[in-house]
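From a predicted model like this one, the values you see are computed outputs, not experimental measurements. Counting starts at 1 for both ligands and their atoms, in listed order. Sequential numbering from 1 along the given sequence is applied to the chain's residues.
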Amino acid sequence: MTTDSSREVYLDHHATTPVDKRVVEEMEPYFTEQYGNPASKANHSFGHSASNRIERAREQVAEGIGARTGGEPVAKSIIFTSGATESDNLAVRGLAEHAQKNDIGSHIITSKIEHEAVIEPCKYLEERGFEVTYLPVDEYGRVDPVAVQNAIQDETFLVSIMAANNEIGTINPIKEIGSIVDDYEGVWFHTDAVQAIGAIDIDVNEMAVDLMSISGHKIYGPKGIGALYTDLKIKNKIEPLLLGGGHESGKRSGTPNVPGIVGLAKALQLAVENREERVEHVEHLRDQLWNRLSNELDSVVLNGHPEERLPNNLNVSFPNINVKELVRMSLTDYGVMAALGSACASGEDASHVLEQITDDQDRIKGAVRFGLGKDLTEEDIEYAADTIVNEVELTESIFG
Ligand code: PLP
């Protein structure tokens with residue numbers, strides 16, 4: 001094995017991505033030169049140009065996710081937030097508050113493997129009188145659209161199912177679910193598309209999605225910026241989480257993060273424009289890594305769907321070894337950076353996603369997530385594969 005103590009191979013792109021230099025360039029003037037507050041647009045030119053720029057970014061984001069009417073982007077459908085955690089909360093809690101106030105429903109359908117940013121608001125609402133159905137998934141982590149249909153009842157006002165899972169990379173049949181939900185008057189469909197943007201074709205109209213969460217830092221944009229797409233039919237029904245100066249059409253008070261918004265719009269534009277090329281590249285690297293691991297390690301098991309999965313996701317279990325030590329010590333020593341379960345969860349509990357696809361405790365405890373990225377090379381993957389194989393074999397020979 002080639003060891004290179006200075007080499008760093010970052011395989012944790014589901015946790016976050018580096019900001020693309022073109023995104024940084026686009027953002028830069030909005031820190032130091034065009035730093036006006038968009039709320040001052042009526043007072044002076046700095047405020048005016050900041051306001052114009054975020055309105056253009058709103059249009060770009062709407063364009064990037066296919067939010068168009070008559071061929072034109074529906075800029076008003078975009079609410080800028082501090083990230084997808086806020087977008088998910090705004091969608092779920094914002095709509096729940098409206099439903100409660102107007103007595104139009106008390107039931108939510110979601111899945112057992114959603115991100116915490118959806119699960120926790122649902123639990124919060126359960127404590128406040130709402131009923132939540134957490135749908136199970138199959139052995140690959142997919143939600144069955146028929147199960148969604150069967151769970152809809154008179155009180156249902158919201159279905160929230162993620163487009164792709166952040167741990168095992170499984171892609172859900174969002175179009176099918178969207179078309180089912182669309183048939184029910186007064187039931188809205190939210191999807192957390194954080195990991196799917198830039199990986200699969202996203203068109204909110206084709207997917208019949210009413211609400212969609214987006215995050216900047218998962219698509220080579222900055223951290224601390226996100227957006228919630230809302231169909232205009234539903235936008236006025238969302239109750240804001242933050243009250244204040246009435247920014248973002250009253251749905252999200254707080255001075256807008258202008259550089260972040262500009263960066264999010266640019267990152268999304270690049271993700272959409274270069275999608276096929278990026279997908280082909282990361283898929284190739286992902287397959288290269290999987291081929292090495294599966295050919296050389298008898299014990300390795302693939303988690304998630306073999307085909308319907310994010311092109312940059314490889315989630316595997318090494319059932320016989322202590323993967324905490326593998327990831328946090330052995331691999332880190334060689335500069336190979338991977339993740340245990342979800343990096344977004346701060347706790348040490350077993351992954352709630354893996355627990356839904358298997359009962360095998362060794363597989364659950366032995367799961368490691370590799371998230372490939374657009375700037376990696378075949379050489380990086382060879383180095384990472386050498387390191388992983390070596391370290392797993394070494395541990396197995398000592399403890400196996
Ligand atoms: N939803 C999913 C599927 C995610 O993977 C993440 C972050 O890992 C989030 C929501 C939260 O996004 P943010 O970091 O922008 O709050």
**Q** Can you tell me how the ring of Tyr220 sits relative to the ring of His13, calling it parallel under 30°, perpendicular over 60° and tilted otherwise?
**A**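 Rings of Tyr220 and His13: tilted, 30 to 60°.
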
**Q** Decide yes or no on side chain to side chain donor-acceptor pair (under 3.5 Å) for His217 and Thr17, but give the supporting numbers first.
**A** CA-CA 6 Å; His217 72 110; Thr17 56; over 6 Å; no

**Q** Show me which atoms of ligand 1 lie under 4.0 Å from any heavy atom of Gly83.
**A**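 Selected atoms, number and element: 15 (O).
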
**Q** How about Thr16 and Lys218: does a side-chain donor come under 3.5 Å of a side-chain acceptor?
**A** no

**Q** Out of all atoms in ligand 1, which are within 4.0 Å of some heavy atom of Ser215? Include the element for each.
**A** 13 (P), 15 (O)

**Q** Between Ile113, Val137, Val143, Val148, which is the residue that forms a side-chain contact (heavy atoms from CB on, under 4.5 Å) with Asn172?
**A**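 So the option named by the test is Val143.
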
**Q** Answer with side chain, backbone, both or neither: which part of Glu86 has a heavy atom less than 4.0 angstrom from an atom of ligand 1?
**A** neither

**Q** Any N/O of His14 closer than 3.5 Å to an N/O of ligand 1?
**A** no

**Q** When only distance counts, is Ala15 in polar contact with ligand 1, meaning an N/O pair under 3.5 Å?
**A** no

**Q** Can a side-chain donor-acceptor contact be found between Glu396 and Ser299 if the only test is distance below 3.5 angstrom?
**A**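 Yes, a side-chain donor-acceptor pair sits under 3.5 Å.
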
**Q** Considering Thr85, Ile225, Val194, Asn165, which one's heavy-atom position lies nearest to atom 11 (C) of ligand 1?
**A**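 When every heavy atom of Thr85, Ile225, Val194, Asn165 is considered, Thr85 comes closest to atom 11 (C) of ligand 1.
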
**Q** Measuring from non-hydrogen atoms of His217 to any atom of ligand 1, is the shortest distance under 4.0 Å?
**A** yes

**Q** How does Gln195 reach ligand 1, if at all, at less than 4.0 Å between non-hydrogen atoms: by side chain, backbone, both, or neither?
**A** side chain

**Q** Salt-bridge test for Glu355 and Arg363: reply yes if a basic N is under 4.0 Å from a carboxylate O, no otherwise.
**A**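 Salt bridge between Glu355 and Arg363, a charged N being under 4.0 Å from a carboxylate O: no.
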
